[in-house]
Protein chains: 2
Amino acid sequence: MDYKIKSRIWIEADGNILLGEGRVSLLKAIAETGSLSKAAKKLGMSYKKAWALIDAINTRAAKPAIVTNIGGKGGGGATLTPYGATLIEVFEKINKNCWRFLDKQIKKSELE
Amino acid sequence: MDYKIKSRIWIEADGNILLGEGRVSLLKAIAETGSLSKAAKKLGMSYKKAWALIDAINTRAAKPAIVTNIGGKGGGGATLTPYGATLIEVFEKINKNCWRFLDKQIKKSELE
DNA sequence: TAGCGTTATATCCTATCAAATATAACGCTT
DNA sequence: AAGCGTTATATTTGATAGGATATAACGCTA
């Protein structure tokens, strides 16, 4: 039998979810498109959900990860802050390290 | 800000979930009670869900983890196999190791 | 000042998952 | 042979999360 081990990690602040894989994807899509609505469409996600996620991230993080603007050039938009970029970087690094670690663990276990 | 990192791991066989935290809890409850229905009640889970989980585990694992009996002494029952005990042991060990690993990682990251 | 594309927000609607319920089948016990 | 408590299974019901839709507010642009 060929067993594989999978994982999901997330960061919590005060017992509330701050950042997981889905939220990181959203942050990256916003960084690429400069817009919350375009990022949502790109990911096949409703605007409502995307907005709720960003709101949760911003209210729970030590500093905002996304800055939004209503009106103005192009109608407005959303941009990733340097702090948001740091969050992405840290999350993805730890996530990859976790995968490697677990692969070693399952091999060491010698399950049949 | 006090960030914590959380994780869930699970084992897959042929792309299907074989074992996760909830299923391990169920296996342990069956080992303690000797009965699928009692284990379900103990965990506040419906019998239907418990049965479906055990069925999924048994059909996907290399060998059965639980043996069930209809009728007979006490009406029947369910018992954990030695292979099932091994699965629990391996899962819980890797899970604990994963927690320790991630704690180190988040401290090393020095997120603020 | 009118128009635009965006964020922000409320309301309604629907699809999906799980709980609840009912019932059959089974084999030891007495 | 009747009874018991269990596994196994189908069907109905209910709750909840998310999608769809509509609309207001906003500030630059032209």
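By convention in this document, chain letters (A, B, ...) are assigned in the order of the sequence lines, proteins followed by strands, and residues within each chain are numbered from 1. Because only heavy atoms are used, hydrogens play no part in the values below, and waters and symmetry mates are left out as well, while side chains stay in.
- Not counting sequence neighbours, the partners of A:Asp55 by the side-chain contact (heavy atoms from CB on, under 4.5 Å) test are A:Trp51, A:Thr59.
- In this structure, the NZ atom of A:Lys38 is 13 Å from the C1' atom of C:dT7, given to the nearest Å.
- With sequence neighbours left out, the side-chain hydrogen bond (donor to acceptor under 3.5 Å, both in side chains) criterion links A:Asn97 to A:Arg100, B:Gln105.
- Listed by first then second residue, pairs satisfying salt bridge (charged side-chain N to carboxylate O under 4.0 Å, His left out) with a partner in residues 25-41 of chain A read A:Lys28-A:Glu92, A:Glu32-A:Lys42, not counting sequence neighbours.
- Hydrophobic cluster membership of B:Trp10, counting Ile, Leu, Val, Met, Phe, Trp and Tyr whose side-chain heavy atoms lie under 4.5 Å apart directly or via other members: B:Ile17.
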Q: Summarise how protein sits on nucleotides 16-29 of chain C as a single string, 5' to 3': B when a protein heavy atom is under 4.0 Å from the base, S for sugar-phosphate-only contact, - for no contact.
A: ---BB----BBBS-
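- Listed by residue number, the members of residues 30-37 of chain A with any heavy atom below 4.0 angstrom from DNA chain C are A:Ser35, A:Leu36, A:Ser37.
- For B:Ser37, the side-chain hydrogen bond (donor to acceptor under 3.5 Å, both in side chains) test picks out B:Ser35, with sequence neighbours left out.
- Across all strands shown, B:Asn69 has heavy atoms under 4.0 Å from sugar-phosphate atoms exclusively, and none from any base.
- Through direct or relayed side-chain contacts under 4.5 Å between Ile, Leu, Val, Met, Phe, Trp and Tyr, B:Ile70 connects to no other residue.
- Rounded to whole Å, atom P of D:dA20 lies 11 Å from atom NZ of A:Lys41.
- For B:Asp2 (side chain) and A:Asp14 (main-chain N/O), no donor-acceptor pair under 3.5 Å exists by modelled atom type.
- Grouped by direct or indirect side-chain proximity (heavy atoms under 4.5 Å, Ile/Leu/Val/Met/Phe/Trp/Tyr only), B:Trp99 sits alone.
- One interatomic measurement links the two molecules: CG of B:Leu53 to C1' of D:dA8, which rounds to 15 Å at whole-angstrom precision.
- Phosphate contact (OP1/OP2 of C:dA8, side-chain N/O of A:Trp51, threshold under 4.0 Å): present.
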